[in-house]
Amino acid sequence: MRLDKLLAHKGFGSRKDVKALIKKKKVIINDQIVKDSSFQVNPEKDILKVNNEMVHYREYIYVMLNKPSGYVSATADDRDKTVIDLLPSSYQLFDPFPVGRLDKDTEGLLLITNDGKLGHHLTSPKKAVEKTYFAEVRGDISEEDIETFRNGVQLDDGYICKPAVLNVLRAASVSHVHVTITEGKFHQVKRMFEATGNKVVYLKRIQMGNLLLDNNLDTGDFRELSGPEVENLITLTQKKS
Ligand code: URA
């Protein structure tokens, strides 16, 4: 990674500020004074000091967001606010992206990272990572619907979904359910219920692979993943292929 980008991530200011630090001979890598702000730093190996103090750097960030309704799962959008807008600039500097998409009106667990490899693995159809949603659904959910989910719901465009698990938590005119799918087709959960004559009126993701939405996070809040949470996700995607 370029030295000026790395130092910007660490809060040392703009490229211009970093240039000034270099000019003053305040930036040292592996005991050598750095002369060029485009120097490629290896964050794993190089020992970096600024103003005689060690700079500890990490390459990746892993943030769990409890996504609120009204935000799109994108890094930029002309019309709408994005999930990235919910993060402070100290995280935005890492160029993070949301792993997979939740609809604008869907809430819940969204992983935001700049680890492209993990993001790719978690969303790859080959890895078939399970995603569990809590949904409020209008209409009668029958045993037959549960069976249809288990066998593969046929969507409006003819696509037959992979087997899904539907658990009814509370049967009522608006039922509460958990549904687990291993794919990420456009509006998939909503369309699966539409196919069985029901309507999703509220949707929230609560789990992705072995990562659970933290109950302590209010809607719109976020926190960094713990070390074990990151490790578990990486291990999960390495196992499944
Ligand atoms: N399925 C949907 O219909 N919407 C989402 O946001 C996620 C899964």
Side-chain angles (χ1 to χ4, degrees), residues 1-65 67 73-77 82-101 109-127 129 184 208-212 214 217 221-241:
M1 169 176 286
R2 269 180 71 118
L3 174 65
D4 49 6
K5 192 170 178 192
L6 185 158
L7 289 179
H9 283 185
K10 289 297 294 180
F12 284 98
S14 65
R15 288 193 172 177
K16 209 170 135 201
D17 298 326
V18 171
K19 267 206 167 110
L21 277 171
I22 288 172
K23 210 165 165 208
K24 286 190 207 150
K25 301 194 168 121
K26 298 286 187 197
V27 184
I28 312 259
I29 293 181
N30 304 330
D31 292 328
Q32 303 278 319
I33 294 172
V34 179
K35 299 194 175 97
D36 183 2
S37 55
S38 69
F39 187 94
Q40 286 292 326
V41 188
N42 180 341
E44 306 287 323
K45 288 194 190 140
D46 291 329
I47 296 172
L48 171 60
K49 285 185 191 165
V50 177
N51 294 324
N52 243 347
E53 292 206 3
M54 289 271 286
V55 176
H56 299 284
Y57 182 71
R58 61 195 180 132
E59 197 169 6
Y60 297 124
I61 56 157
Y62 303 90
V63 175
M64 174 193 296
L65 170 71
K67 179 189 173 296
S73 300
T75 50
D77 194 271
T82 76
V83 289
I84 303 298
D85 293 330
L86 291 162
L87 303 183
S89 57
S90 54
Y91 286 133
Q92 291 182 9
L93 282 167
F94 283 84
D95 296 329
F97 58 87
V99 175
R101 278 170 189 269
L109 175 63
L110 191 61
L111 173 64
I112 298 179
T113 181
N114 58 343
D115 182 342
K117 191 169 162 195
L118 180 66
H120 173 72
H121 282 162
L122 285 170
T123 50
S124 163
K126 276 195 216 146
K127 301 282 177 185
V129 171
M208 182 176 58
N210 43 26
L211 184 66
L212 290 170
D214 186 332
L217 288 180
D221 284 354
F222 55 86
R223 70 156 169 83
E224 287 203 35
L225 262 55
S226 67
E229 282 173 332
V230 175
E231 287 306 315
N232 288 341
L233 277 181
I234 291 172
T235 308
L236 172 85
T237 58
Q238 282 169 348
K239 264 194 225 146
K240 290 194 157 197
S241 62

- Answer yes or no: is there a side-chain heavy-atom contact under 4.5 Å between Leu48 and Leu6? yes
- Note on the structure: Value for CE (Met1) from CD (Gln40), rounded to nearest 0.5 Å, stands at 9.0 Å
- Message: Measuring only between side-chain heavy atoms, which start at C-beta, is Ile112 closer than 4.5 Å to Leu86?
- Response: no
- Message: If you compare all heavy atoms of Ser73 against all heavy atoms of Gly100, which two are closest, and at what distance to 0.1 Å?
- Response: CB-O, 4.2 Å
- Message: Regarding Arg58 and Glu224, does a basic nitrogen lie under 4.0 Å from an acidic carboxylate oxygen?
- Response: yes
- Just wondering, do Asn51 and Lys26 contact through their side chains at under 4.5 Å, heavy atoms? yes
- Query: To the nearest 0.5 Å, what is the distance between CG (Asp214) and CG (Leu65)?
  - Reply: 12.0 Å
- Item | Working for side chain to side chain contact (heavy atoms under 4.5 Å, CB included), residues Leu233 and Tyr62 | CA-CA 11 Å; Leu233 277 181; Tyr62 303 90; over 6 Å; no
- For the atom pair NZ (Lys10) and CG (Leu93), what is the distance rounded to the nearest 0.5 Å? 11.5 Å
- Is there a donor-acceptor pair closer than 3.5 Å between any side-chain N or O of Asn232 and the backbone N or O of Glu229? no
- Among Leu110, Leu211, Thr113, Leu118, the one residue meeting side chain to side chain contact (heavy atoms under 4.5 Å, CB included) with Val99: Thr113
- Message: As a quick check of understanding, evaluate side chain to side chain contact (heavy atoms under 4.5 Å, CB included) for Leu109 and Met64, giving each step before the final call.
- Response: CA-CA 7 Å; Leu109 175 63; Met64 174 193 296; 3.5 Å; yes
- Query: Can you list the steps and then say if Thr235 with Asn210 is a side chain to side chain contact (heavy atoms under 4.5 Å, CB included)?
  - Reply: CA-CA 10 Å; Thr235 308; Asn210 43 26; 6.0 Å; no
- So, for Thr75 and Ile84, which heavy atoms are closest and what is the spacing to 0.1 Å? CA-CG1, 3.8 Å
- Message: With side chain to side chain contact (heavy atoms under 4.5 Å, CB included) as the test, pick out the partner of Phe39 among Val27, Ile29, Ile22.
- Response: Ile29
- Interatomic spacing from CG in Asp4 to CG in Leu7 - rounded to 0.5 Å: 7.5 Å
- For the student: nearest non-hydrogen atoms of Asn30 and Lys45, plus distance: OD1-O, 4.4 Å
- Item | pair Val129-Ser124: side-chain heavy atoms closer than 4.5 Å | no
- Note on the structure: In short, Leu111 meets Met208 closest at the heavy-atom pair CB-CE, 3.8 Å
- Note on the structure: The reported gap from CE in Met54 to CD1 in Ile28 (rounded to nearest 0.5 angstrom) is 12.5 Å
- Donor-acceptor pair, side chain of Ser89 and main chain of Gln92, under 3.5 angstrom: no
- Query: What closest approach, in Å, do Lys19 and Ser37 show between heavy atoms, and which atom pair accounts for it?
  - Reply: CG-OG, 3.8 Å
- Message: For Arg101, I'd like to know if atom CZ has over 12 heavy atoms of other residues, nucleotides or ligands within 6.0 Å.
- Response: no
- So Phe222 and Tyr91, would you call those rings parallel, tilted or perpendicular, with 30° and 60° as cut-offs? perpendicular
- Query: Less than 4.5 Å apart, any side-chain heavy atom of Asp95 and any of Lys5?
  - Reply: yes
- Item | Shortest non-hydrogen contact from Gly209 toward Leu236 | CA-CD2, 3.7 Å
- Message: I need the Leu87 CG to Ile61 CD1 distance, nearest 0.5 Å.
- Response: 6.5 Å
